[in-house]
Every structure is written in C-alpha cells, then in structure tokens.
Novice: 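Structure incoming, see below.
Every value quoted in this text rests on a predicted model; they were computed, and no experiment measured them. Just so we're on the same page: letters track the sequence lines, and every chain starts at 1.
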Number of protein chains: 2
Amino acid sequence: MQKYSKQTRLLLAVDCIIFGFDGDTLKILLIKRGFQPEKGNWSLMGGFVQVDESLDQASNRILKQLTGLEGVYLEQLYTFGDVNRDPKERTVSTAYFALIDIHKYETQLSNDYHAEWFPLKRTPKLIFDQQEMVETAKKRIRYKAAIHPILFELLPGKFTLPQLQMLYESVYNTTIDKRNFSKRILATGLMIKLTEKDKTSSRRGAFYYQLNMKNYYAKFQSFLNFIPNPDSLLQAIY
Amino acid sequence: MQKYSKQTRLLLAVDCIIFGFDGDTLKILLIKRGFQPEKGNWSLMGGFVQVDESLDQASNRILKQLTGLEGVYLEQLYTFGDVNRDPKERTVSTAYFALIDIHKYETQLSNDYHAEWFPLKRTPKLIFDQQEMVETAKKRIRYKAAIHPILFELLPGKFTLPQLQMLYESVYNTTIDKRNFSKRILATGLMIKLTEKDKTSSRRGAFYYQLNMKNYYAKFQSFLNFIPNPDSLLQAIY
DNA sequence: TTTAACGGTGTACAAAATACACTATTAAAA
DNA sequence: TTTTAATAGTGTATTTTGTACACCGTTAAA
C-alpha cells in the first residue's frame, strides 16, 4: 500500500515528568541535557518516538533508561504541539507523568544521566516549554489525587498513616486534621492494617499498612474523597 | 540551526469527536471518508497536522471545515499512538472532542462532506481505532460532566430545566428525580432564570434559563455535583 | 522516674444528599 | 363551558456525610 505521499512528517517526542516522595517533599527527577540545543541545562527525561514503538512503549523505554524502573504508574498527560516549542525543528511532544517509589530508584543509573531530584518548590529553569509541562503535571496530580488513590504509587509497599498524611499535606501544601484524615482514608477500605510497626520516626511506633489490591483496582476509578475542600487547594502554588 | 538529522519523522493527525444533543439523544457527527484507505466508510473528521500550525489550530481548522463553527468547546482528549493504527503508514493521532449546539450547525456545510449525526447508541463501524477514540470520548464526557458544567455547551443560549434534565439523563442513560435535580443544579448558581417561557413542549410552558457566565467561568474547574451516584453510571453502556 | 515526641482515637454538630407526592397551568377535547 | 391530559414546579423529613475539636498512650532518652 502506498503512503500518504503529500503530507509533511514531523518529529514526535515523549517527555516524562517523574514524581517521587522522600517522606517530606514531593520531587521531580531532572537530567542535564547532553546535546544541543540547550546542552547542559536541566530538562525532563525525553526522547523521540521511534517508528516501531507506540507512545506508551516509548515513554516506558525512556522511564527505564532514567530510573531503571519498569511497571510503575505511568499516565499520558497531554500532547504539546505549539509550532515553535523546539527552536531547532518542529517537534510535537506527548508528556507522560510517572509516580514512583523514590526508594526503588537506583542511584547508579541516574548518574549515567546526571539525574537529580528537585523539590517542586525549587525546580531549576527548564528548557523549551517543559516548565509548562511540569505545571500541567502538578495540576493533574492535585486534581486526580483529590478523587482517586494515585498517591499510594509514591509510597513503598508498607507505609504508615503519618507518612501518608505527610504525602497529602505535601502535595496540597496544606495541613489536615489527623483524626479526620484517618477516618476518611480508612473509610475507603483501600488499606490493610499490619501488625508490624514503624519505629524509626517515633518512640511509640506507627502501624504499617499496605494496599488492599483488590479494592484498590476495583475502586480506582470511583469518585472518592481524599481531601477536604479540594477546590481551594487545586490552585495552590509552591 | 541544524535539524535533528538522524531522527525519524512521523505523520501526525488530529481527529475530532463532535458531540451534539437534539433535545432527546446524544449524537456524534461522522463523515464518509473521501480517500483511501477505507474510502466510503464512516469516519471521524480528521486531518494531518501541518508544519505551520499547532495541534489546537489543526483541530479548530478541522472542526470548522466540517461544521462551519468557530469558538466552540474543544478539548484535547488523548493521543493515540499504536504502531499499526493506520495500516497505510505509521500515524500518530491526537483526538479532540467538541461539544456544540446542534442547532447552530449548518447543514449545508455538512453536505460537502457527507456528514451525518448518529445517536451514540447506534454508531456505524468506524475506521482504524476510531471506535476506541469514541469510547474514550464518551467516558471522558461522562466523567467530566459529573463534576464540571460542560454539558451546557451542548445547549442553546436559552434552555429550560426539563431540557437540561433530559440532557443529563441522556448522557448517563438514567433517570433523575426532578425535584432533586433542580435543587442540585440551581444550587450551583450557574444559571439565571429568565421571565420568558418555552411553550413548545407543554401547555403550561417551562421557564427559560441562561448561563451566568461570570459564575460559569469562575466555577468551571470546581468540583460540583451534577449527578447522584456517579460511580455507578460511569460505565453505563449505550 | 520524668520528659518529650509522636501515634492513635471519639463525639457532638453542621451540612449535604436523598426519598418522596402533590398542586399549577393551559390547550385541546368533550 | 367544563373536563381532561400533559408537562412544570415546588417542600419536607430523614439519612448520610463532613467537620471541628482534645485527650490519652507509648516508649526511648534524659
């Protein structure tokens, strides 16, 4: 079959906004760009879509190159197609965001790429329109996490209620009453209380929980309430 | 500045899922495809992204070609990038959905393209992966309309409460108690009651309302509740 | 044995969602 | 002219959900 011979072909890229949580602060992973233009400046991990791979495959490949991780939460965010977004050549870029357990991330691999975690409050200037991509990703996460349990993807398999609350407070830059928080969270039925305690951050120790995977998958698309007053928090600026 | 010489360039298309409401049923606008492959089969309105236009510009251009309408609600839906989605040549397509007032749509223009409205319950087979695009768009509309006032975009400037309720019932394939519906809707403060009545569908006549544009823009991103029990309705199948 | 730091829980009140049924209007028919 | 039929419009009681708020428990270290 012959091709669409008269049409212009364009460069198509994928850029990944990779989020991690260190127990205190929400962060994104950036690299020093290794080629022109903008060589040496901080950038999202990205690459061109190859002719034999889908967008999802491309984003997973790129994520694996930077973090060594596979099978993590990765979601298409938005496709950025302004004509001059890359000054070198017209390039359309589909942005994905990833939520990873920062502790599973292997530092050694990052060093190959000069990768570094930056708190969202203090990210360096990014190349092209990547600042807008990060803003879009932040908004999407805040929006989605108010209704759906995506933030669990940032935590290790075992986590405590105080850790979880820190995460929500960090994402929304707010404070939450811990009595109401635990009621709300436990009411979703998404978590299983373990008998083991985390004794690293208090004398008394906090019980570990893990996800109830069955309920997690079943309720992932439901409208749940993880955050009081989400409207007032969605626009929050770091 | 030289180009990214070693990279493969791909075809990039835009496809539009155009929704309309005729007072009774939610419909999408399809055309008979005029070129190979799949010439003569029903298809979404689409086209290739030109080198001098953004994705948003491309989708607006395509929408205008089919409907003659400009300035309507148009939102990027998702980018479909499977390797073999177009058998003729690797093509990545960014899908947009549009919500239009079906009465503003000019029939004459549609005839140039052999366009036709189809109820969502009875759409013909579509080419390539466009069935998946339509499914994704339906899900997105149901999801978003449960929380945000997007369905008003499908109605004329003046509309009645019974019309609005018909629209919601049609989108979610359900019935809603009219007392609770009007309370919920009016509580949003999005509508202004007019003194004029629509006498075409009942002896008594139903009051017209119009959008309070100030509140509409202000609250568009807020989490509102337009639908009782949305979880149970999101998967509804036509 | 005292202290300091964090973890865990319950109740009263307010707000929101839900279930539910009758009256109003008016053109057309009897 | 009266009746009928079809659609529009409204209110209340109950249940459910969300919110505000304060004290005791645990334990390692001082």
Novice: Will you find, in the side chains of A:Asn60 and A:Tyr96, an N or O donor that is under 3.5 Å from an N or O acceptor?
Specialist: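 Result is no, nothing qualifies.
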
Novice: Could you tell me how far apart B:Arg179 (CZ) and D:dT7 (C1') are, to the nearest whole angstrom?
Specialist: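 For the pair B:Arg179 CZ and D:dT7 C1', the rounded distance is 15 Å.
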
Novice: Which atoms form the tightest heavy-atom contact between A:Ile18 and A:Leu63, and what is the distance?
Specialist: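 Nearest heavy atoms, A:Ile18 then A:Leu63: CD1-CD1, 3.5 Å.
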
Novice: From C:dG7, D:dG9, D:dT7, pick the nucleotide closest to the side chain of A:Pro162?
Specialist: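 Output: C:dG7.
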
Novice: What I want to check is whether the side chains of B:Asp15 and B:Ser93 have a donor and an acceptor closer together than 3.5 Å.
Specialist: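 A pair is found: one side chain offers a donor N or O, the other an acceptor, under 3.5 Å apart.
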
Novice: Could you tell me the separation between the CG atom of A:Leu194 and the P atom of C:dG8, rounded to a whole number of Å?
Specialist: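 After rounding, the reported distance stands at 12 Å.
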
Novice: What class does the angle between the rings of B:Phe159 and B:Phe152 fall in, given that below 30° is parallel, 30 to 60° is tilted and above 60° is perpendicular?
Specialist: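 The arrangement is tilted - the two ring planes meet at 30° to 60°.
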
Novice: Is it the case that the ring center of B:Tyr143 lies less than 6.0 angstrom away from the ring center of A:Phe223?
Specialist: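 Between A:Phe223 and B:Tyr143, the centre distance is under 6.0 Å.
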
Novice: What's the CD-C1' distance between B:Gln163 and D:dG9, to the nearest Å?
Specialist: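 Taking CD of B:Gln163 and C1' of D:dG9, I get 16 Å after rounding.
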
Novice: Rounded to the nearest Å, what distance is computed from the CD atom of residue B:Gln165 to the P atom of nucleotide D:dT7?
Specialist: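 It is 13 Å, rounded to the nearest whole Å.
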
Novice: Heavy atoms within less than 4.0 Å of DNA chain D: which residues of residues 220-229 of chain A have one? Give them sorted by number.
Specialist: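 Only A:Asn225, A:Pro228 qualify.
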
Novice: In whole Å, what is the span from the CG atom of A:Asp198 to the C1' atom of C:dG8?
Specialist: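 After rounding, the gap between these two atoms is 15 Å.
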
Novice: Are B:Asp82 and B:Asp129 side-chain neighbours, meaning at least one heavy-atom pair lies under 4.5 Å?
Specialist: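 Sidechains of B:Asp129 and B:Asp82: no contact.
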
Novice: Answer yes if the ring centres of B:Tyr73 and B:His148 are under 6.0 angstrom apart, and no otherwise.
Specialist: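 So the answer is no for these two rings.
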
Novice: For A:Lys197 and D:dT27, give me the distance from atom NZ to atom C1', rounded to whole Å.
Specialist: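 So the NZ-C1' distance, A:Lys197 to D:dT27, works out to 9 Å.
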
Novice: Mark yes or no for a side-chain to base donor-acceptor pair under 3.5 Å between B:Lys178 and D:dG9, with no hydrogen or angle criteria applied.
Specialist: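 Between D:dG9 and B:Lys178, which were checked side chain against base, a qualifying N/O pair under 3.5 Å is present.
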
Novice: Within the 3.5 Å criterion, strictly below it, is a donor on A:Thr94 or A:Thr79 matched to an acceptor on the partner's side chain?
Specialist: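 The answer is yes; a qualifying pair exists.
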
Novice: Looking at every strand, decide which applies to B:Ser201 at a 4.0 Å heavy-atom threshold: base, sugar-phosphate, or nothing.
Specialist: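 Sugar-phosphate contact only - B:Ser201 comes under 4.0 Å of backbone atoms but never of a base.
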
Novice: Please state whether the base of D:dA6 and the side chain of B:Arg203 form at least one donor-acceptor pair under 3.5 Å?
Specialist: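 It does not, because no donor-acceptor pair links the side chain of B:Arg203 to the base of D:dA6 below 3.5 Å.
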
Novice: On DNA chain D, compare the nucleotides closest to A:Asp177 and A:Arg204; which residue's is nearer the 5' end?
Specialist: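 It is A:Asp177 whose nearest nucleotide is closer to the 5' end.
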
Novice: Give the dot-bracket line for DNA chain D from 5' end to 3' end: parentheses for intra-strand Watson-Crick or G-U pairs under 3.5 Å, square brackets for crossings, | for inter-strand pairing, dots for unpaired.
Specialist: ||||||||||||||||||||||||||||||

Novice: For this output row, return yes or no: ring centroids of B:Phe207 and B:Tyr209 closer than 6.0 angstrom.
Specialist: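 Between B:Tyr209 and B:Phe207, which both carry aromatic rings, the centre distance is not below 6.0 Å.
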
Novice: Run the ring-centre check on B:Phe21 versus B:Phe19 and record whether the distance is less than 6.0 Å.
Specialist: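 No, the ring centres sit 6.0 Å or more apart.
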
Novice: Expected output is a numbered-order residue list: members of residues 180-192 of chain B with a heavy atom under 4.0 Å from any atom of DNA chain D. What is it?
Specialist: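 Residues of residues 180-192 of chain B under 4.0 Å from DNA chain D: B:Lys183.
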
Novice: What is the ring orientation for B:Tyr168 with B:Tyr172, classed by angle as parallel under 30°, tilted 30 to 60°, or perpendicular over 60°?
Specialist: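 Judged by the thresholds at 30° and 60°, the geometry between B:Tyr168 and B:Tyr172 is parallel.
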
